[in-house]
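Labels below follow one simple rule: chain letters A, B, ... track the order of the sequence lines, proteins then strands, and each chain is numbered from 1. Basis for what follows: all heavy atoms, side chains included, without hydrogens, waters or symmetry-related copies.
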Amino acid sequence: MKNVARTVALFLLVFHLFPCGIPGGGSAVSASTAAPDFAPLACSAERPIAWRGETISIHAWLAPSGDAAPTPQTYEWTASGGQIVGAAVATWRLDGDPGPNSAMVRVGDPRGASLQCSIRVIVKEQPDRDANPLPRETGRSVLVRGQTEEKGYGLYSYLLLGSPPDEDTRERYLQVLSAYWEIVPTIADLEAILPRDTLNVTYLPATTAPASKASAEWALDHYDYARALALLRTLSGNHRRGPYLVSSPQPIVTTTPLLGYLFLDLSTIPPRLAGEWMKDFLNQAAQCTMSKPCSGASLALELRTILFVAASGLQPVLQGVDQLIVWRPKIE
Amino acid sequence: MRVSFAQGAVIAGVTLLLWTLYDLQFGNPPTREETALLVIGSAVVVLLMGWIARRIRPGRSQ
């Protein structure tokens with residue numbers, strides 16, 4: 001009987017010392033300037049561990065002491081990180097640093113008495129969703145004179161020509177425009193399947209809207225060189241040739257210098273390799289970090305271009321050598 | 001110009017290198033006349049280097 005009495009006394013002591021020690025990692029500390037009308041105070045969080053930036057709900061409970069009628073209380077929440085909104089039931093947006101974050105509630109009554117209770121929640125960094133993202137797809141669209149870019153795309157690209165074609169550049173322009181027209185699907189087709197923010201819209205500035213059966217020739221005849229020059233002047237350096245492919249996370253504003261963009265200069269590529277270069281652009285734009293080129297694939301394409309140019313130069317060079325030098329017979 | 005086969009091969013190689021650099025830099029291949037000038041320039045350089053090599057180490061050259 002004596003042991004039972006001891007056990008009950010110990011239980012009551014523990015209950016008074018740790019009235020809310022179990023749920024949600026909360027704990028209660030009372031600090032009153034006068035005897036409050038309520039006791040004890042308990043508080044807890046929805047979960048003991050949460051992701052950074054997440055909003056969780058937190059609660060403070062109190063029980064009136066004695067038979068006195070409950071008086072209105074004030075709830076004042078403070079947090080070591082993040083923001084708390086609410087009273088007895090509140091929401092805590094966990095914007096603080098990763099690690100243990102604490103919140104404290106001070107519950108007071110009109111007489112000035114108060115109780116405090118604190119909660120501790122472990123904040124973890126959000127898992128890196130961009131570590132293995134899906135590739136971004138590229139669609140084409142004509143940017144008619146006077147029209148502005150539509151909002152909401154993941155990436156904005158432009159196919160820009162620095163000057164009207166001459167006899168040297170016409171073939172290259174046509175081949176690049178053909179590759180653009182044939183390899184890249186329309187943005188409307190892609191938007192029917194994929195969300196807009198996962199798309200790279202590649203605009204072709206034009207003076208008029210295209211007919212249903214537009215082609216590379218149409219694009220060259222109706223190209224808006226004035227708009228292209230206005231867009232190119234936002235880049236560093238001079239760009240009077242072309243074609244160029246420029247990509248930016250935001251639509252290019254023609255009044256401010258463009259920063260952080262992907263730039264592909266196609267002004268010296270062999271016209272026959274225009275399709276390969278267009279595919280290289282699509283691959284680079286597909287990456288989440290599009291400003292970092294795919295060095296391996298790009299190097300291979302550079303080497304292929306050099307080899308292609310050298311091979312096409314072999315015949316004229318041998319002809320030139322043959323015309324100008326005479327082989328000296330071997331002296332025995 | 002009368003050159004040996006080895007000298008001709010080197011001249012053709014240097015010319016092809018310059019021809020490729022020209023095309024990659026300007027986006028257009030050199031014209032026939034420009035190619036002829038590249039051959040002459042390469043030949044002058046190659047033959048001059050051969051002459052200098054003979055002057056420096058006469059025993060190793062013909």
Side-chain angles (χ1 to χ4, degrees), chain A residues 161-163 165-176 238-245 264-274 276-277 298-299 301-332, chain B:
Chain A
L161 306 177
S163 59
D166 55 28
E167 60 178 295
D168 289 334
T169 56
R170 187 173 180 83
E171 176 65 13
R172 182 175 299 109
Y173 281 10
L174 276 175
Q175 292 293 331
V176 170
N238 294 319
H239 307 286
R240 301 282 176 194
R241 296 158 77 183
Y244 307 106
L245 281 161
L264 204 57
D265 183 354
L266 307 180
S267 62
T268 58
I269 62 161
R272 253 190 67 188
L273 294 183
E276 296 302 318
W277 281 93
S298 294
L299 179 66
L301 188 56
E302 294 273 1
L303 287 174
R304 188 181 170 189
T305 303
I306 292 169
L307 201 60
F308 184 90
V309 172
S312 57
L314 194 57
Q315 192 63 25
V317 167
L318 287 179
Q319 280 178 357
V321 168
D322 221 23
Q323 284 168 1
L324 287 165
I325 67 173
V326 178
W327 303 106
R328 191 170 59 195
K330 193 175 179 183
I331 301 165
E332 295 294 333
Chain B
M1 277 182 289
R2 290 172 70 85
V3 298
S4 68
F5 182 78
Q7 285 171 325
V10 174
I11 290 168
V14 172
T15 309
L16 183 59
L17 179 69
L18 295 174
W19 196 96
T20 305
L21 289 175
Y22 181 106
D23 193 335
L24 289 172
Q25 178 63 35
F26 301 111
N28 295 300
T31 60
R32 244 178 96 183
E33 293 75 18
E34 287 168 332
T35 304
L37 278 177
L38 289 179
V39 173
I40 290 170
S42 304
V44 168
V45 171
V46 170
L47 296 177
L48 191 64
M49 287 177 72
W51 180 77
I52 291 170
R54 276 198 301 276
R55 297 278 295 180
I56 294 170
R57 304 171 74 178
R60 297 292 297 270
S61 304
Q62 292 180 21

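A distance of 9.5 Å separates OG1 in B:T15 from CG in A:L318, rounded to the nearest 0.5 Å. Interatomic distance, B:F26 CZ to A:R241 CZ, rounded to the nearest 0.5 Å: 8.0 Å. Taking CD1 of B:I40 as the reference point, atom CG of A:L324 lies at 5.0 Å (rounded to 0.5 Å). Considering CG of B:L16 and CG of A:L314, their distance stands at 5.5 Å, rounded to 0.5 Å.
Of the atoms belonging to A:L266, not a single heavy atom falls under 4.5 Å from chain B. Contact annotation for B:Q7: only side-chain heavy atoms (C-beta onward) come within less than 4.5 Å of a heavy atom of chain A. When heavy atoms are compared at a cutoff of 4.5 Å, A:E171 does not approach chain B at all.
Scanning for side-chain contact (heavy atoms from CB on, under 4.5 Å) contacts around A:R170 gives A:P165, A:L174, A:L220, A:D221, with sequence neighbours left out.
Surrounding CG of A:D166 are more than 12 heavy atoms belonging to other residues, nucleotides or ligands, all under 6.0 Å away.
In terms of modelled atom types and a separation under 3.5 Å, the side chain of B:R32 and the main chain of A:P316 share no donor-acceptor contact.
Considering every non-hydrogen atom in both B:T35 and A:V317, the closest pair reads CG2-CA, 4.1 Å.
Put simply, the side chain of B:V39 reaches to within 4.5 Å of the side chain of A:V321, judged on heavy atoms. Considering only heavy atoms from C-beta on, A:R172 comes within 4.5 Å of B:N28 through its side chain.
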